[in-house]
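Remember, it's 1-based here, ligands and their atoms both numbered in the order they're listed.
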Amino acid sequence: MQSPPALTVYNTLTRRKEPLRTLQPGEVRLYVCGPTVYSWVHIGNARTFTVFDVVVRYLRYRGYRVKYVRNYTDVDDKIIQAAQQSGESPAELADRFVRAFEEDAQALGLIHPDVSPRVTEVIPEIQALIQKLLDEGVAYAAGGDVYYQVSRWPAYARLSRRNLDELRAGERVAPGEHKREPLDFALWKGAKPGEPSWDAPWGPGRPGWHIECSAMSEKHLGRTFDIHGGGLDLIFPHHENEIAQSEAVHHVPLANVWMHAGFLELENAKMSKSLGNVVQLRHALAKVDPEALRLFFLSNHYRSNLAFSDEVLTGAEARLQYFYETLQRVAERLGNRTLPPGPVHGDPAAPVRAFEEAMDDDFNTAGGLAALAGLFGQLNEQLDRPPVSDKAVAARTLAALRDGALTLGGVLGILGSDPAAWLERRRDRLVQQRDLDRTRIEGLLAERAAARKAKDFQRSDALRADLDALGVEVRDGPTGTTWKVKG
Ligand SMILES: [Zn+2]
C-alpha cells in the first residue's frame with residue numbers, strides 16, 4: 001500500500017505548521033467539539049463544522065482512514081434555562097435541537113461523524129474519570145460539587161499560553177461555588193431542585209462542561225489521538241481544561257495536533273434587506289444556496305477570521321452559478337457518449353495537482369478554490385475553442401477536466417447537484433428575490449417560441465429585447481431555448 005503523502009497542519013500547541021504524523025500509519029483519529037443543543041446552530045459554528053467536514057473529506061481523499069467523532073453537549077446551564085422558558089424538560093429540549101442540528105447539517109451537506117456521542121450517554125465514564133482525578137489528588141469535593149485544582153497541574157495553560165497570575169487576578173469565586181482557588185473549575189455540579197441529576201459517590205449532580213470531552217474522546221478514540229479540533233474560542237478555557245483533566249489521569253498527551261478555526265465576523269457585517277439579520281444557519285439556508293454558503297465558508301483560510309456580508313454571499317452564489325453553467329455546457333456538448341481512451345489537449349490533471357498542493361499546506365481551501373477556478377477557466381477555454389479536426393481529443397479533454405472538477409467539488413462538498421436542476425432552482429430563487437413576474441416572462445417566452453417557429457425573426461428579436469428589459473437573458477442552445485435571470 002502506498003503511504004499517504006506529506007501533509008502539513010498548523011498545531012496550536014506548538015504554534016507551528018508540522019508534517020502530519022499519525023499514531024497509526026494511514027489512520028487519523030479526530031475529535032471535534034460539537035454543539036451545545038439549546039438552540040438552533042449559529043452560523044459561526046456552522047463555519048467551524050464545515051471546516052472540519054472538509055478536513056475529513058480531504059484526509060479521506062488523500063487515502064487516510066478517518067475516525068471522526070463530534071459530540072453533542074446535551075446537559076448544560078443554557079439548556080436548563082431554555083427548557084425552563086419553553087416549558088419542556090431539558091432532555092426534550094435537547095432532543096429537539098439535536099434533531100434540528102441534524103436537519104441543518106444535512107442541508108449544509110456535512111458528512112455524518114462516525115460517532116456523535118451525547119453527554120447523557122457517558123455519565124458512567126465521566127464519573128470514573130472524576131474518581132481518578134480525585135484519586136490523583138488534582139480534584140477535590142466541596143459542598144456537593146467536585147472541582148479540578150488548577151494549581152496541582154503544573155502544565156496548565158500550555159495550549160493557550162495564558163499568564164496564570166493575570167488569569168487569577170481576573171477570576172472571582174461566584175456566590176454558591178465552593179472553589180478553593182479562583183481558577184479551579186467544576187467537574188461535577190451538585191444537584192439543584194428542578195435540574196437533571198445523577199447519583200454519584202460524592203453526591204447527586206451533573207457533569208461540568210469540560211469533563212465530557214475528556215470522557216468521550218477516551219471512550220471513542222483512546223487516551224491519545226491525532227487531531228483535536230474546534231473553534232478558536234474553545235482554546236481557553238475548554239481545551240485547556242480538557243488537557244488538564246485527561247493528562248493528569250493518563251500521563252500521555254491528549255491529542256498530538258490541536259486545530260482551531262477562526263471566527264465568522266458578524267458585528268460589522270452590513271446586513272441587507274434580502275438577508276436580514278442572519279445569525280442562525282437555518283436563516284441563512286432559507287435564503288442562500290447551501291453550496292454557496294460552503295463556498296463562502298471555504299473562501300478564506302480556516303484559521304483566519306471571515307467577514308460575513310451580503311456581497312460575499314451574493315458573489316459566492318454567482319460563482320457557483322458560473323460553475324454549474326459551465327458543467328451544463330459540458331453536459332450538452334458531451335451527451336451520454338462513452339469516450340475511448342486516447343490523447344488529450346494540454347494537461348487536464350494540472351489543476352488537480354495545484355489543488356492538492358494548496359490543501360496539503362494546512363488545508364488551504366482558498367488556494368484550493370483558486371485551483372478550481374483555474375480548472376473552470378480551462379473548461380471554458382476548451383468549450384469556446386473553434387471545432388478542431390479531432391473532435392475526440394476535444395471531448396476527452398472536456399471529460400477529463402469535468403471529472404477533475406467533480407472530484408475537487410466532492411472534497412469541498414460542492415458541485416454535487418445535477419447542473420440543470422441546480423440552475424433551475426437558482427433561477428426560481430432569483431425570480432422570487434427580485435419579485436419578477438413569472439407569468440409575464442413565460443408568456444413572452446411562449447410568444448417568442450411561436451415567432452421563431454413561424455420564422456418571424458424580427459418579432460422574436462423584439463420579444464428577446466422585452467425579456468432583456470425585464471432582467472431575463474434568453475439562450476438558444478442545441479437542446480432548445482433556456483433562460484436565466486441576469487446577474
Ligand atoms: Zn470539547
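Centred on the Zn ion (ligand 1), the SG atom of Cys33 and the SG atom of Cys213 lie at an angle of 130°, reported to 10°.
Between Trp209 and His238, the ring-plane angle classifies as parallel under the 30° and 60° cut-offs. Ring planes of Tyr302 and Phe52: tilted class, angle from 30 to 60°.
Taking 4.0 Å as the cut-off between side-chain N and carboxylate O, Asp77 and Arg206 count as a salt-bridged pair. Salt-bridge check for Asp135 with Lys132: failed, with every basic side-chain N at 4.0 Å or more from each acidic carboxylate O.
Inclusion of His238 in the first shell of the Zn ion (ligand 1) is supported: an N, O or S atom falls under 2.8 Å. Within the 2.8 Å limit, His210 places no N, O or S atom next to the Zn ion (ligand 1).
Looking only at its N/O/S atoms, Glu242 has OE2 as the one nearest to the Zn ion (ligand 1).
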